[in-house]
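Remember, it's 1-based here, ligands and their atoms both numbered in the order they're listed.
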Amino acid sequence: MFICRARVFDTPSDPFAGGTLRSDSDIALVVDEGLIIARTDYASAVAAHPDAEVLDLRAGVLIPGLIDTHVHYPQVRAIGYLGMPLLDWLDHCALPEEAELGDDAYASAVAGEFLTGLTSAGTTSAMVFGSHFASAVDTLFSQAAEVGLRITSGLVTSDRILPEELLTSVERSVAESQDLIDRWHGTGHLRYAITPRFSFSAGQELLAAGGRLAADNPGVWVTSHLNENRDEVAGVAEMFPEALDYLDTYDRAGLLGRRTILAHNVHPSERELARMAEVGAASAHCPTSNSNLASGFFPLRRHIEAGVRVALGSDVGAGTGFSLLKEGVQAYFMQQLDPSGGLPLSSAHLLHLGTTAGAEALDLSDQVGDLSEGKRFDAAYISPTAGEPLDVGIRNASSDEDALAKIFAMGTPADISQVWVDGDLVKG
Ligand code: GUN
Ligand code: ZN
């Protein structure tokens, strides 16, 4: 048991629905076996638990662990290629690197780098796009189990267009996926996600096999890409002439539901948004990726108005790193710039998108997403070096919202000194 005495910012009430930032300059969180058993003033916490160790974190700011709803494990070493649209970037940058994960030793090294990338950035839960190689996905799950992160991931499947070594068959994909589900789904903090890469590289039979796996294994997740790039969208329309639209290629395969997270959705139709809202599927908004690949402006206003759930994703390696602080400020920039009228975002919106909204999208909000009593202690401590611009900014902020805006504007993984999952340190 320990008492965490801290300045805490979180967003239990949704700023997109009239809520505001919850900020406490000096509050005690009593943590017992990973559970926040009390959120109270320090004197009361010490009186109730006089023998508990005290962590004094008032010098910085404690936020809930960040939640990344779209990040590619095999692309850690592909971060930072600039200047290409999606389909060229895949051919020249991402896919050659992904092919390397057929080598077990290589995959093991990359899995370690990937998990370090998450924990360094203060990310404690993630929907992770896995590898095309079952052994590489197994390696990710086994290393994630050791670190303790809340990871949902799965075997990426494709049966056309991609380089030969990344392709599978319906039979093989079902056998390998079922084996991984049996080994990992529901083990500790791990869950399985059926992961067709995108309809551009997955035929109808392969998608339908994924839908049958989802039906046969209640509780598993589904993730893929949707409406990211205009050439991709046009290609999918040609390949699936019978589908109503891109979303429908997943829907008619049985892949669409409340446990589905679809990345990007930069170019949706009104029908697609209405259908996502109807079934409760979520969009993972990946702002640095959308900027880097010039995919377009994410229609956040249309998502919110349609009632579609949205959370943040880093989309490493098209995204430019693991930091959801960077994704947050980039989301803000792009909403400002969107010629068709973006949503003005406050720092509370950004924190919500990177924490509470992610927990909701991943159906983890009974456990994480804010630092209320009754939640698990997943948290990131932001403590910039004294005298550096972020430290000066936080100290001179005009309000807590302003201090949080500075954290998004200037914060990097180097400013995050400690990170906990379930009360256990995973960084620091
Ligand atoms: N669509 C299919 N594969 C990918 C990928 O690896 N990254 C992005 N951003 N989009 C994709
Ligand atoms: Zn992606």
* **Side chain, backbone, both or neither: the part of Q75 lying under 4.0 Å from ligand 1 by heavy atom** => side chain
* Asked: Which N, O or S atoms belonging to the protein are less than 2.8 Å from the Zn ion (ligand 2)?
  ->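 Checking every protein N, O and S atom gives H70 NE2, H72 NE2, H225 NE2, D315 OD1.
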* To do: Please check if any side-chain donor atom of H70 sits under 3.5 Å from a side-chain acceptor atom of H225, or the reverse.
  => yes
* Establish, from distance only, whether the side-chain atoms of T356 and T11 form a donor-acceptor pair under 3.5 Å. => yes
All N/O donor-acceptor pairs, side-chain side in residues 403-413, below 3.5 Å, sequence neighbours left out:
unit_1	atom_1	unit_2	atom_2	d
T412	OG1	A414	N	3.1
T412	OG1	D415	OD2	3.4

* To do: Please determine if E98 has a nitrogen or oxygen closer than 3.5 Å to a nitrogen or oxygen of ligand 1.
  =>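 No; every N/O pair is 3.5 Å or more apart.
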* Looking at ligand 1, does any of its N/O atoms fall within less than 3.5 Å of an N/O of E232? -> no
* Which side-chain hydrogen bond (donor to acceptor under 3.5 Å, both in side chains) pairs, counting each pair once, include a residue from residues 78-94, with sequence neighbours left out? ->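 Output for this query is empty, none listed.
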* F133 ring center within less than 6.0 Å of Y106 ring center -> no
* Are F129 and H72 close enough that their ring centers fall under 6.0 Å? -> yes
* Asked: Does the ring-ring contact (aromatic ring centres under 6.0 Å, His included) test come out yes or no for F198 and Y246, once each step is laid out?
  -> CA-CA 10 Å; F198 56 164; Y246 197 155; 7.6 Å; no
* **D251 (side chain) donor-acceptor with L247 (main chain) under 3.5 angstrom** =>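 No; zero donor-acceptor contacts below 3.5 Å.
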* Look at ligand 1 and say whether W89 reaches it with a heavy atom at a distance under 4.0 Å. =>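 Judged by the 4.0 Å heavy-atom criterion, W89 does count as contacting ligand 1.
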[atom] - nearest protein heavy atom and its distance:
atom	answer
atom 9 (N) of ligand 1	D315 OD2, 2.7 Å
atom 10 (N) of ligand 1	E228 OE1, 2.6 Å
atom 6 (O) of ligand 1	R197 NH2, 2.6 Å

* Mark up the atoms of ligand 1 that fall under 4.0 Å of a heavy atom belonging to L86, in ascending order. =>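 That gives atoms 8 (C), 10 (N), 11 (C) of ligand 1.
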* To do: Might you work through the salt bridge (Lys or Arg N to Asp or Glu O under 4.0 Å) test for R150 and D422, ending with a clear yes or no?
  => CA-CA 10 Å; R150 301 181 198 276; D422 239 358; 3.3 Å; yes
* **Results of side chain to side chain donor-acceptor pair (under 3.5 Å) for H132 - residues two or more places apart only** => R197
